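Keep in mind it's a predicted model, so treat the numbers as computed, not measured.
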Amino acid sequence: MNFSFTNGNINLITAGGKVGLQGVCKEFKLPTLKFTLDDDMRLGFFGTAPVVTGLEPIEGSMTMAGWSDEWVAESANWRDGFQFQIIGSLIGQERGTKTNSTLLIAVTAIPSELSLGQLKAGASMESEITYLASYVSITRNNLSRLMIDVPNNIYKIGEVDLLARFRESIA
């Protein structure tokens with residue numbers, strides 16, 4: 001099935017827990033997951049096999065159409081980080097039928113680069129932020145698809161937590 005994304009809204013969750021609409025998400029690059037691999041010698045004489053030993057920093061970026069003082073103040077906070085949500089619709093098309101589903105992406109991040117845009121008469125300003133995420137949650141139609149919580153060692157695909165046994169062994 002082919003999906004297209006409608007323009008999403010950006011909701012900023014401030015330090016006080018207030019959620020506020022901040023504008024239209026013009027472009028959102030989903031966080032990039034990179035896995036650290038190590039060679040496992042369990043195969044002995046026959047060689048090694050790659051084993052995932054952890055996550056690399058989760059990077060992403062987005063461009064926001066418009067400009068908000070509150071957005072800049074929160075997203076520029078490199079010490080405490082910031083939280084935001086992208087809410088939009090996925091429109092799927094397969095064999096002439098269309099399906100519509102709601103997509104919610106929640107991220108907790110610290111900024112690694114913040115571009116405040118350009119001032120040009122008659123043109124709307126755009127701000128772009130590149131971030132490192134410590135928490136990413138992707139939900140479609142109220143069903144969790146992926147949740148990664150780096151500080152708490154949680155890595156869920158659907159409802160299956162791939163690190164549950166790891167947390168039990170270190171507790």
Side-chain angles (χ1 to χ4, degrees), residues 5-37 52-90 102-120 123-171:
F5 182 66
T6 64
N7 277 341
N9 294 325
I10 296 175
N11 288 320
L12 177 67
I13 304 170
T14 64
K18 184 180 96 180
V19 176
L21 176 65
Q22 295 297 307
V24 175
C25 177
K26 187 172 179 186
E27 183 178 347
F28 181 71
K29 182 181 174 190
L30 286 161
T32 303
L33 301 180
K34 295 179 186 175
F35 302 96
T36 303
L37 298 176
V52 174
T53 58
L55 278 175
E56 295 287 335
I58 304 170
E59 298 177 324
S61 66
M62 72 176 141
T63 302
M64 208 173 108
W67 204 80
S68 160
D69 293 339
E70 191 174 8
W71 169 254
V72 171
E74 290 288 328
S75 63
N77 186 349
W78 53 266
R79 189 188 69 197
D80 299 327
F82 64 106
Q83 295 177 307
F84 63 92
Q85 297 173 335
I86 303 292
I87 300 172
S89 292
L90 283 179
T102 303
L103 182 69
L104 170 64
I105 302 168
V107 179
T108 301
I110 58 170
S112 59
E113 186 176 327
L114 177 62
S115 170
L116 300 176
Q118 298 177 357
L119 294 171
K120 184 176 179 183
S124 64
M125 291 177 62
E126 293 179 353
S127 58
E128 182 176 343
I129 185 164
T130 305
Y131 59 85
L132 297 173
S134 60
Y135 175 87
V136 176
S137 170
I138 300 175
T139 305
R140 194 169 102 198
N141 291 342
N142 295 326
L143 294 175
S144 178
R145 303 296 182 182
L146 177 70
M147 188 188 66
I148 301 168
D149 186 346
V150 176
N152 296 311
N153 287 320
I154 296 173
Y155 188 96
K156 285 185 177 181
I157 298 175
E159 294 300 318
V160 179
D161 188 352
L162 300 179
L163 293 178
R165 287 180 36 200
F166 169 76
R167 283 193 312 279
E168 289 173 8
S169 67
I170 62 171

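When side chains are defined from C-beta on, Y155 counts as touching L33, because their heavy atoms get closer than 4.5 Å. Inter-residue side-chain proximity for Y135 and I148 is flagged as unmet; no heavy-atom pair is nearer than 4.5 Å. Two residues are said to be in side-chain contact when any heavy atoms from C-beta on lie closer than 4.5 Å; I154 and D161 meet this criterion. No side-chain heavy atom of V136 sits under 4.5 Å from any side-chain heavy atom of T108.
Without hydrogens or angle criteria, S112 side chain to T130 main chain gives a donor-acceptor distance under 3.5 Å.
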Yes or no on side chain to side chain contact (heavy atoms under 4.5 Å, CB included) for Q85 and L104, after CA distance, side-chain angles and deciding distance?
CA-CA 7 Å; Q85 297 173 335; L104 170 64; 4.0 Å; yes
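Distance check: I58 CD1 to L132 CG gives 9.5 Å after rounding to the nearest 0.5 Å. Separation of atoms CG (L146) and CZ (R140) is listed at 13.0 Å; rounding is to 0.5 Å. Note that CZ of R145 and NZ of K156 are 14.5 Å apart. Values are rounded to the nearest 0.5 Å. Rounded to the nearest 0.5 angstrom, L116 CG and I129 CD1 are separated by 9.5 Å.
Crowding of N142 atom CG: a count of heavy atoms from other residues, nucleotides or ligands under 6.0 Å not exceeding 12.
Here the closest non-hydrogen pair linking P111 and A76 is CG-C, 4.1 Å. For the residue pair A133 and V107, the shortest heavy atom distance occurs at CB-CG1, 3.8 Å.
Residues T32 and E59 have side chains that never bring a donor and an acceptor to within less than 3.5 angstrom of each other.
Remark: S137 engages no residue in a side-chain hydrogen bond (donor to acceptor under 3.5 Å, both in side chains) (not counting sequence neighbours). Residues forming a side-chain hydrogen bond (donor to acceptor under 3.5 Å, both in side chains) with D149 (at least two apart in sequence, or on another chain): N152.
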